[in-house]
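Read through the structure below, which is laid out as structure tokens, and then see the notes.
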Amino acid sequence: MQKMLTIISNVLRGSARRNGAQVVSEAASLVVASRSYADFTPEATFDIKKVDLHRLEEGPPLTATLTREEGLKYYRTMQTIRRMELKADQLYKQKIIRGFCHLSDGQEACAVGIEGGITLSDHLITAYRAHGYTLTRGGTVREIMAELTGRRGGIAKGKGGSMHMYTKNFYGGNGIVGAQVPLGAGVALACKYLGNDQLCVSLYGDGAANQGQIFETYNMSSLWKLPIIFICENNQYAMGTSVERSAASTEYYKRGDYIPGIRVDGMDVLCVREATKFAADHCRSGKGPILMELQTYRYHGHSMSDPGVSYRTREEIQEVRSKSDPISMLKDRMLINNMASIEELKEIDIAVRKEIEDAAQFATTDPEPPLDDLCSHIFANDQPFEVRGATPWTKLTSTS
Amino acid sequence: MLHRRDGSRFPPDVTLGIQAKEFNLGFIRPDNLVSHGLRVFRCLLSSVSLFQVNVQDALNQAMDEELERDERVFLLGEEVAQYDGAYKVSRGLWKKYGDKRIIDTPVTEMGFAGIAVGAAFAGLRPICEFMTWNFSMQAIDQVINSAKTYYMSAGGQPVPIVFRGPNGSSAGKLTNIYCFAAWYGHCPGLKVVSPWNSEDARGLLKAAIRDDNPVVFKANELMYGVPFDLSEEVMPKVERQGAHITLVSHSRCVGFCLDAAAVLAKEGVECEVSIFTLSARVCELATFQLQVKQWRRRGWLLFLWATNKLCYFLIFFLHFICTYISVSVSYDQKELLDIRTATTHLKLG
């Protein structure tokens with residue numbers, strides 16, 4: 001304490017010659033230098049919200065332990081997703097990204113929390129709000145942004161776009177609402193068939209939850225005891241239709257009927273992580289599928305063509321942002337428990353910002369895929385063949 | 001002059017040839033007539049066993065062999081296991097391979113077609129059976145969109161799946177009798193095959209299962225019980241030689257063409273019947289190209305897409321052409337009369 005006061009008074013004496021910002025940063029750097037990492041709490045336990053249960057006697061635990069490393073990792077990943085989505089918004093408005101772009105800022109805790117509960121050898125499939133999941137499943141920001149701008153450095157070489165990003169054990173990115181759920185069950189069937197103790201997480205939204213094929217999938221996965229976790233990301237709005245206006249029963253975690261369900265606060269990364277761990281244990285023990293509803297919120301509209309305020313109020317968005325923002329929640333938790341310093345988190349912010357800027361730069365300057373790629377990859381492991389172009393005399397070649 | 005179905009005409013600017021390469025199913029390729037002849041001759045000489053197998057059993061054999069060969073292959077569909085297949089195509093397979101590999105599904109096409117595609121994503125090689133292709137309409141999104149994944153992932157995610165089932169008309173039925181060849185044939189990225197005889201059925205199904213791409217395999221229910229000679233060789237695709245008229249068709253209608261050809265032969269009109277439209281990709285006239293030098297086609301060319309019984313009509317029609325229009329006049333190869341017959345334009349159930 002004495003040491004700190006001496007430092008500060010020295011700095012302030014010199015402040016007459018320099019501007020305020022320099023002073024503060026100097027003071028900050030001095031203060032940081034004076035604290036070692038041994039000062040931080042390595043681990044802390046937090047109380048998390050109780051989940052609602054359906055056909056389950058016990059749910060996930062009511063407390064979650066977070067280590068400093070995990071906390072910083074989650075913070076960095078969530079901040080990366082947030083900044084990446086905001087950058088995509090910016091690039092879209094500059095017409096550098098075109099087509100469909102569905103942003104998931106506000107829903108970062110879902111992507112990061114789920115990944116915290118499973119491993120990279122497990123499988124995941126989701127619908128079109130997929131940028132965050134592509135990142136948590138092993139994609140890099142550069143590849144994702146280049147894919148959004150449709151360049152050859154993209155994760156799908158510029159051919160997939162926003163809704164078709166694939167990595168190992170991540171099956172996109174699917175355009176048809178609800179179609180990814182039976183696909184996820186198919187992946188789970190393969191896991192069971194091959195006996196590799198892996199599971200599949202199949203995500204869908206509150207809008208897709210009304211799709212018939214999802215109920216067909218509930219039936220078959222329950223019948224065959226497939227290792228699948230159904231996750232409904234309930235962000236309260238299916239495009240512009242609120243849950244009250246689209247669903248007769250808004251208790252999405254109970255919609256599986258004979259499938260056990262839990263309803264979780266999707267804005268708290270620790271809640272999501274504990275619930276996912278619980279669900280993964282349930283699946284791996286051979287009990288069959290389980291359903292999780294994550295109550296979350298998206299700040300942007302449904303997609304870039306939707307301002308997001310015609311069916312909800314700005315006040316509502318502001319309220320959620322101020323009270324339940326996932327990144328702020330984690331940050332507050334870590335600061336209050338002395339697991340990180342504010343400067344350290346700021347450093348992470350700066351590093352993330354730089355990473356996103358570099359990625360955006362790459363995404364804007366990378367060349368587009370060559371014209372030869374137009375017809376390639378139609379068939380796998382096939383001989384090259386001729387493809388008719390737009391007119392009968394235009395011939396293109398397809399390679400596998 | 002080419003005549004389109006809507007009555008418009010346009011002259012072809014290039015000699016037409018079949019786009020058989022589009023589906024590149026390995027060893028099934030149109031062969032030339034000389035090799036055809038030699039092969040038949042060799043078969044006869046070497047007395048390679050030509051035993052009679054009906055189409056149903058040929059499909060059964062193909063699936064059995066592929067299930068044995070590759071652990072990743074499995075069959076799912078309604079009634080494929082304990083019922084032995086709604087049309088007995090999967091008879092005996094459940095007893096041999098068990099619940100893990102022959103899976104009875106509930107009556108939820110969209111669900112199980114999606115599950116089959118997902119299993120293909122994760123590395124298995126499913127055969128998804130639709131009881132008839134009419135029911136595939138419930139799952140058409142999953143079938144069609146299985147074809148996009150390899151392209152949209154730029155080669156990262158192949159989908160080695162086979163969708164099979166009976167297609168087209170049946171005996172005395174008014175419902176569930178659509179022919180979906182043209183529907184699926186128009187989807188890029190989807191390989192669509194529609195075999196006629198046991199040889200083609202067996203060979204194509206094996207090729208389809210081994211192919212790393214989504215294949216739509218259509219048989220015709222009425223062909224299931226029809227026996228054909230099955231040899232170990234894969235027979236080429238000209239079923240009957242002839243110099244005056246070439247009849248091109250797919251699936252069950254090939255049988256009608258052969259019947260008609262037999263009748264016309266008595267009239268002195270030689271029909272060549274070819275079934276190399278195994279791929280229903282070729283519905284667009286503009287892209288339908290005949291390998292003229294391979295088939296040495298002379299005379300008139302009829303495309304027969306009919307899937308109802310029009311044998312008698314066909315004979316009458318061809319007789320009409322031959323009587324009133326001289327077929328002995330040779331003409332420039334570019335002159336091609338396309339007469340398409342098809343089902344009457346009615347929507348039945």
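In what follows, chains are A, B, ... by sequence order, proteins preceding strands, each numbered from 1. Side chains included, hydrogens not; waters and symmetry mates left out as well; all remaining heavy atoms used.
With values rounded to the nearest 0.5 angstrom, H377(A) atom NE2 is found 9.5 Å from Y151(B) atom OH. Atom-to-atom distance recorded for L189(A):CG and L76(B):CG is 7.5 Å, nearest 0.5 angstrom. We find the CD1-CD distance between I176(A) and Q142(B) to be 9.0 Å, quoted to the nearest 0.5 Å. Summarising the geometry, atom CD1 belonging to I103(B) is positioned 10.5 Å from atom CE belonging to M220(A); distances are rounded to the nearest 0.5 Å. Note that the CD atom of E216(A) and the CZ atom of F112(B) stand 9.0 Å from one another [nearest 0.5 Å]. To the nearest 0.5 angstrom, Q213(A) atom CD is 11.5 Å from Q138(B) atom CD.
Nearest approach of I115(B) to A185(A), heavy atoms of both residues: CG1-CB, 3.7 Å. A pairwise comparison of heavy atoms in F121(B) and V187(A) identifies CB-CG2, 4.5 Å as the closest pair.
Around the CZ atom of R98(A), the shell of radius 6.0 Å holds no more than 12 heavy atoms that belong to other residues, nucleotides or ligands. No more than 12 heavy-atom neighbours from other residues, nucleotides or ligands sit within 6.0 angstrom of CZ on F100(A). No more than 12 heavy atoms of other residues, nucleotides or ligands sit less than 6.0 Å from atom OH of Y83(B).
At a 4.5 Å heavy-atom cutoff, the contact between D373(A) and chain B is made by backbone atoms alone. With a threshold of 4.5 angstrom between heavy atoms, I214(A) does not approach chain B through any atom at all. In this structure, chain B has a heavy atom under 4.5 Å from the side chain of L223(A), while its backbone stays farther away. For S376(A), the part sitting under 4.5 Å from any heavy atom of chain B is the backbone (N, CA, C, O) and nothing else. Contacts between I228(A) and chain B at a heavy-atom distance below 4.5 Å are absent for every atom of the residue. Both the backbone and the side chain of I378(A) come within contact range of chain B, with heavy atoms under 4.5 Å apart.
Looking at heavy atoms from C-beta onward, D211(B) lies out of side-chain contact with F379(A) at the 4.5 angstrom threshold. Here the side chains of K100(B) and K192(A) are not in contact, with every heavy-atom distance at 4.5 Å or above.
The main-chain N or O of A380(A) is found under 3.5 Å from a side-chain atom of N213(B) such that the two form a donor-acceptor pair. Remark: the backbone N or O of S153(B) is not paired with any side-chain donor or acceptor of K159(A) at under 3.5 angstrom.
Looking only at heavy-atom pairs under 4.5 Å with chain A, the residue among P158(B), A113(B), A119(B), A120(B) that has the most is A119(B). Of the listed residues (L183(A), L226(A), N219(A)), the one with the most heavy-atom contacts under 4.5 Å to chain B is L183(A). Top candidate by heavy-atom pairs under 4.5 Å with chain A, chosen from S146(B), P106(B), G123(B), is P106(B).
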Could you walk me through whether L124(B) and L194(A) pass side chain to side chain contact (heavy atoms under 4.5 Å, CB included), step by step?
-> CA-CA 9 Å; L124(B) 299 183; L194(A) 296 167; 3.9 Å; yes
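Ring orientation note: the planes of F74(B) and Y193(A) are tilted relative to one another, at an angle of 30° to 60°.
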